[in-house]
Amino acid sequence: MSRGLSAAGVAPTWLTRPLRVGEAADLPAQDTRTLFYRLTDGPRRRQGKAARLLKGVEHAAGLAAALRLTRRMRPDVVHLQWAVLPFLDRIAIRRLRRHAPVVVTVHDATPFNGKQVSVLQRGGFARALAAADRLIVHTDGAKEQLAAAGLPAERIDVVPHGLLGAAIPDRAPATDGRWRIVQFGRIQHYKGVDLLVEALGRIDPATRARIKVVVAGEAQVETAPLIARAAALGLGEAIDFRFGFLSKDAMGALLASADAFVFPYRTIEASGVLHLVAGLRRWIVASDTGAFPALVGRDGAAGALVDPTDADALAAALIASIGREPSRAIDADVPDWATIGRLTREVYARARADWVAHRHPGHVPGSTGPRALSQEISAPASAARWAPEQVRGDGGTTR
């Protein structure tokens, strides 16, 4: 994304959290300021209730630091990637708007993908979004959902998710002779690992012996019930849980070993993992929700879509995947990052023009000088963006 913005003439400054152990720096060091979660994330990452409370305090401190930086930098636009604590983010957005227009990317129209979160996180999500000048979503469905929730459709722009580049080795089939189906990424309730376990239990043992499902990624749910249920169903070697952070090399080896990928998500808008594996030409089994229908399609050429609540349908799709190779690439219609950068800049220009017009009625866009995004699309511009929870191509943070 940073390269795409730069190609579009935007000079981004990223306000982030520290890198965790095993994470590589994906953003240019000169464009990055580490303002968020220095005590609770990065190499000193903490878990548990006390850590979550401290992280909330650090979130407020990070927002305050971002506001101070915005006052000094006077960017043309501030682009918020996450509303972590909406009641605080709403206050921050209002204060930031005194200095620059604010754009918010809504990665998931269902707050936190239905995850059980604290009252502080649940409260005020729609009001925080309403405080922004413009919203970016990745799908038409997400725009419709936000508009149905009362947010003005004319202030919501659809900018597709791009492919996530990663160094993935050539295909390396497993040596055990089983058809390997991989579910990769952070393990959260909405990812439906429990539904996948139940589906495997619906497959007769003889057919199940032909399959190995690998579930890999950093767990953010209790894993003991998943392991216990798999044991109770007698899944044995049909499922391989690999809970924990994966380095880029381990991730690459895992993805290269896959014969197919499965996404049994209860809800999602745009999946980073799907955009990570889209170019690998593997069969996809996915829930009929979010961005999956648009990419996977319903023609049976690239994969199969199933009802996210139907374990029998998921079981049948897993069986039907054995030996299947896609006849259509799912990444062909995904725009490149240069296009996404250009589309994002156009959103910035609209946000800037509306913000300036609101603050200075009768003002002609472009009369404030070369830093105004609204002056002309080809002019250099700067933007402050922050992503305290960066989406990366690994088992730690990829959605």
Side-chain angles (χ1 to χ4, degrees), residues 1-4 26 105 107-108 113 136-142 158-173 179-186 190-192 213-217 246 248 250-265 267-306 308 317-318 321 324-341 343-344 390-399:
M1 184 62 179
S2 188
R3 288 191 295 271
D26 296 330
T105 291
H107 294 281
D108 299 293
N113 282 308
I136 290 176
V137 296
H138 296 309
T139 66
D140 291 329
V158 179
V159 177
H161 199 299
L163 297 177
L164 299 177
I168 299 174
D170 293 336
R171 191 166 185 169
W179 183 254
R180 179 168 292 192
I181 305 170
V182 171
Q183 180 178 2
F184 169 70
R186 285 190 299 183
Y190 78 89
K191 298 285 187 73
V213 173
V214 179
V215 177
L246 270 67
K248 283 198 170 184
M251 177 197 73
L254 172 66
L255 300 184
S257 73
D259 296 303
F261 293 101
V262 62
F263 300 85
Y265 294 6
T267 180
I268 194 69
E269 288 302 333
S271 166
V273 178
L274 178 64
H275 287 81
L276 178 67
V277 305
L280 298 183
R281 297 297 292 266
R282 305 291 204 277
W283 192 257
I284 302 291
V285 175
S287 297
D288 191 358
T289 187
F292 292 125
L295 287 180
V296 178
R298 304 182 188 280
D299 56 1
L305 300 172
V306 299
L318 295 175
S321 77
R324 295 293 298 273
E325 298 289 341
S327 59
R328 174 176 56 78
I330 67 173
D331 61 342
D333 296 328
V334 178
D336 60 24
W337 284 107
T339 300
I340 292 170
L343 293 173
T344 304
Q390 296 179 42
V391 177
R392 299 179 182 275
D394 54 49
T397 57
T398 303
R399 298 184 310 120

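None of the values given here were measured: they were computed from a predicted structure.
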> What closest approach, in Å, do Ala260 and Arg282 show between heavy atoms, and which atom pair accounts for it?
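Closest pair (atom of Ala260, atom of Arg282, distance): CA-CB, 4.3 Å.
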> For the ring pair Phe292 and Phe263, is the centre-to-centre distance below 6.0 Å?
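Ring-ring flag for Phe292/Phe263: true, centres closer than 6.0 Å.
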> Any non-hydrogen side-chain atom of Leu343 less than 4.5 Å from a side-chain atom of Pro160?
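Touching, per the 4.5 Å side-chain cut-off.
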> If you define the side chain from C-beta out and look only at heavy atoms, does anything of Ile136 sit under 4.5 Å from Val158?
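No, their side chains stay 4.5 Å or more apart.
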> Check residues 295-302 and write down every donor-acceptor pair under 3.5 Å in which the side-chain atom is one partner and the other belongs to a residue at least two apart or another chain.
from   : atom 1 : to     : atom 2 : distance (Å)
Arg298 : NH1    : Asp288 : OD1    : 3.2
Arg298 : NH1    : Asp288 : OD2    : 2.8
Arg298 : NH2    : Asp288 : OD1    : 3.0
Asp299 : OD1    : Ala301 : N      : 3.1
Asp299 : OD1    : Arg328 : NH2    : 3.1
Asp299 : OD2    : Arg328 : NE     : 3.3

> Rounded to the nearest 0.5 Å, what separation is found between the CE atom of Met251 and the CG atom of Leu276?
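Result: 5.5 Å between the selected atoms.
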> Return the minimal non-hydrogen interatomic distance between Ile340 and Pro335, and the atom names on each side.
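Result for this residue pair: CD1-O, 3.8 Å.
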> Over all heavy atoms of both residues, which pair between Val334 and Gly162 is shortest? Give the atoms and the distance, please.
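Minimum heavy-atom contact is CG1-CA, 4.1 Å.
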> Provide the closest heavy-atom pair for Arg324 versus Trp283 in the form atom of the first, atom of the second, distance.
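Result for this residue pair: NH2-CH2, 3.0 Å.
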> Please check this pair: side chain of Asp259 against backbone of Arg180, looking for a donor-acceptor N/O pair closer than 3.5 Å.
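Yes; at least one donor-acceptor contact below 3.5 Å.
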> Among Val273, Leu280, Ile181, Leu274, which residue meets the side chain to side chain contact (heavy atoms under 4.5 Å, CB included) test with Phe261?
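Only match with Phe261 under side chain to side chain contact (heavy atoms under 4.5 Å, CB included): Leu280.
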> Evaluate Phe184 against Val277 for side chain to side chain contact (heavy atoms under 4.5 Å, CB included), listing each step before the verdict.
CA-CA 10 Å; Phe184 169 70; Val277 305; 6.0 Å; no
> Do Thr105 and His138 come close enough that some side-chain heavy atom pair is under 4.5 Å?
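Yes, their side chains come closer than 4.5 Å.
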> So, taking the atom named CE in Met1 and the one named CG in Asp26, what distance separates them when rounded to the nearest 0.5 Å?
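That separation rounds to 14.5 Å.
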> If you round to the nearest 0.5 Å, how far is OG1 of Thr289 from CD1 of Ile268?
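The CD1 atom of Ile268 sits 8.5 Å away from the OG1 atom of Thr289.
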> Within the side chain of Asp336, is there an N or O that forms a donor-acceptor pair under 3.5 Å with the backbone of Thr339?
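Yes.
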> Going from OH on Tyr265 to NZ on Lys191, what distance comes out if it is rounded to the nearest 0.5 angstrom?
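Going from OH on Tyr265 over to NZ on Lys191, the span is 4.0 Å.
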> Give me the atom names and distance for the closest heavy-atom approach of Leu254 to Ala216.
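For Leu254 and Ala216, the tightest heavy-atom pair comes out as CD2-CB, 3.5 Å.
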> Is Trp337 reaching over with its side chain to a backbone N or O of Leu163, donor-acceptor style, under 3.5 angstrom?
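Confirmed, Trp337 side chain pairs with Leu163 backbone.
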> Looking only at non-hydrogen atoms, find the nearest pair between Ala278 and Ile330 and report the distance.
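Looks like O-CG1, 3.6 Å.
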> Measuring only between side-chain heavy atoms, which start at C-beta, is Thr139 closer than 4.5 Å to Val137?
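No, side chains not in contact.
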> Side chains of Pro293 and Leu305, heavy atoms from C-beta outward: is any pair under 4.5 Å?
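Yes, their side chains come closer than 4.5 Å.
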